[in-house]
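What follows is a set of notes on a single structure, which appears directly below.
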Number of protein chains: 2
Amino acid sequence: MIHSIEIKEPTKSENLTEQLIEAIVSGEYPPGSKISETEIARFFNVSRGPLREALMRIEGLNLIERVPHVGARVVTLSPEKLIEIYAVREALEGMAANLACKHITDQEIAALEKLLTQHKEHIEQVDGAYYFHQHGDFDFHYQIIKASRNSKLISLLCDELYHLLRMYRYQSPSTQSRPTHALNEHFNILTAIKERDAELAEMLMRRHIKRSRELIENQLIEEKEKANDAR
Amino acid sequence: MIHSIEIKEPTKSENLTEQLIEAIVSGEYPPGSKISETEIARFFNVSRGPLREALMRIEGLNLIERVPHVGARVVTLSPEKLIEIYAVREALEGMAANLACKHITDQEIAALEKLLTQHKEHIEQVDGAYYFHQHGDFDFHYQIIKASRNSKLISLLCDELYHLLRMYRYQSPSTQSRPTHALNEHFNILTAIKERDAELAEMLMRRHIKRSRELIENQLIEEKEKANDAR
DNA sequence: AAACACCACATTGTCTACAATTACATTGAT
DNA sequence: ATCAATGTAATTGTAGACAATGTGGTGTTT
């Protein structure tokens, strides 16, 4: 989707970084599991030097937590942390939608329209096409973020937060989504962008993300009630 | 300047990271300058291993840029990049002000009030107390960010963007500020927070940062015109 | 004189070995 | 039996040596 795998990275350290990110995000190294340097270095046929460099970078992405002289563990994403991330997304992607109105090209708008039409067809045909929807959801948001033309915004959302969100998706596949509602909201956002109404686009995007967040918050409340009942 | 490794951080790699950040931000290693691994490792009395680990982390903070097999250079902050950062700040700190209204304690509000009163006195006494104002400006924003109680927001603003902003301050000391106006805006923001008016606080904070950004944008335009005239 | 090819040098990337710190288990005392 | 202390084993942190790549200069050719 985003990263072209055309050419290998020139250095082992960078290759490792990408592979480890994939392994962590996909759940191959489950949340909370320990990352043994010697073990993983042997597995990837590299020495501990490049591996440690990769770990430093991955720590910067908040995918692992390291304690000196103790080791690294894969982070466990609590619903509380996820809610925090959604608050950040609300602010940043709202800004992205605003800026996109000012910079997006007609071609890009056409591409977005095509994307949403495809989504609509898929949802109508395959009722509850969950995975596809989630995938496409990222696509839609990604294109708008890119259209903001603000490289800082793009890197924060697509490099820093993206992996954490993907990881959460793997961790809790039971997350209920709302494909139809979300699709409608996507269409409304696109309409605002087409009309170059920056303020409206921002507001709609923020509301869109806020609703996703509230879904998670409700889940969290349910979980807590269940825990209380069990007591 | 003494670089003796005290018992602050438990590991040399982490010590190095902090010292290098300080050196880069303060301009000791000027923008665009090359970072020679062997040279700096010798200077700090460490081997290249820990140094490289530190460089990886600092690269993640976007303070340096590394090219494989070529080396690392200190980033040069263009006005364009700074404007991008301010757009991000506008979104994030707006959200922070909003959340702060919901979570800030009365003690914290009192502390903020005291802070602003001190700023006011200083500005009245020492006209154009530039450095202090900038310093205090960070204080005010920092306290509000902390009061948002959103750890992701806090780390993004205070860990990721903060160093870049400090670096810019060192790089272009000629930046004209507007202490009196800014102070008034700070007071207005604080009033909104005191009244727990989240939406107003967010709007005022965003406008406040937007005005700082516009100051930079105007400078940029002036520079370009000057460049055109010289041609 | 300009452009290209080649070689030597310097710098970065990686590996192996060693030192330092922590975790766990065993042992002893209360 | 529980708790504390200590020693051992395993893991992480660091250092120095070696390999791979990029840079710059020199010399030749057109």
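We name chains A, B, ... by the order of the sequence lines, and we start the count at 1 in each one. What you see below is based on every heavy atom in this structure, not just the backbone, and it leaves out hydrogens, waters and symmetry mates.
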Strand DNA chain D as a dot-bracket string - pairs counted if Watson-Crick or G-U with both distances under 3.5 Å, | where the partner lies in another strand: ||||||||||||||||||||||||||||||
In whole Å, I'd like the distance from the [atom1] atom of [X] to the [atom2] atom of [N].
{"X": "A:K12", "N": "D:dA19", "atom1": "NZ", "atom2": "P", "value": "14 Å"}
{"X": "A:H69", "N": "C:dT22", "atom1": "NE2", "atom2": "P", "value": "6 Å"}
{"X": "B:E39", "N": "C:dT12", "atom1": "CD", "atom2": "P", "value": "10 Å"}
{"X": "A:L51", "N": "C:dT16", "atom1": "CG", "atom2": "P", "value": "14 Å"}
{"X": "A:R42", "N": "D:dA10", "atom1": "CZ", "atom2": "C1'", "value": "14 Å"}
{"X": "B:L55", "N": "C:dT14", "atom1": "CG", "atom2": "C1'", "value": "16 Å"}
{"X": "B:E14", "N": "D:dG13", "atom1": "CD", "atom2": "P", "value": "8 Å"}
{"X": "A:N45", "N": "C:dG13", "atom1": "CG", "atom2": "C1'", "value": "17 Å"}

Going by number, which of residues 29-37 of chain B have a non-hydrogen atom under 4.0 Å from DNA chain C? B:K34, B:I35, B:S36, B:E37
Could you check which of C:dT21, D:dG22, C:dG13 has an atom nearest any side-chain atom of B:V70? D:dG22
Side chains of A:I35 and A:L55: does their closest heavy-atom pair fall under 4.5 Å? yes
Please step through salt bridge (charged side-chain N to carboxylate O under 4.0 Å, His left out) for the pair B:R206 and B:E90, ending with a clear verdict. CA-CA 5 Å; B:R206 289 183 65 153; B:E90 186 181 324; 3.7 Å; yes
Does [N] have OP1 or OP2 sitting under 4.0 Å from an N or O in the side chain of [X]?
{"X": "B:R66", "N": "C:dG13", "result": "yes"}
{"X": "A:T38", "N": "D:dA10", "result": "no"}
{"X": "B:R48", "N": "C:dT12", "result": "no"}

From CA spacing to verdict: salt bridge (charged side-chain N to carboxylate O under 4.0 Å, His left out), B:E22, B:R166: CA-CA 10 Å; B:E22 271 314 300; B:R166 274 173 70 215; 2.7 Å; yes
For residues [X] and [Y], is any side-chain donor paired with an opposing acceptor at under 3.5 Å?
{"X": "A:H186", "Y": "A:D137", "result": "yes"}
{"X": "B:E108", "Y": "B:T105", "result": "yes"}
{"X": "B:R57", "Y": "B:S13", "result": "yes"}

When the nearest nucleotide of DNA chain C is assigned to A:P68 and to A:S13 on a heavy-atom basis, which residue is associated with the more 5' position? A:S13
Across the strands shown, which category fits B:G49 at heavy-atom distances under 4.0 angstrom: base, sugar-phosphate, nothing? nothing
A:R48 and A:E37 ion-paired at < 4.0 Å: yes
Inspect the surroundings of NZ in B:K81 and state if more than 12 heavy atoms from other residues, nucleotides or ligands are less than 6.0 Å away. yes
Would you call the rings of A:H141 and A:H208 parallel, tilted or perpendicular if under 30° counts as parallel and over 60° as perpendicular? parallel
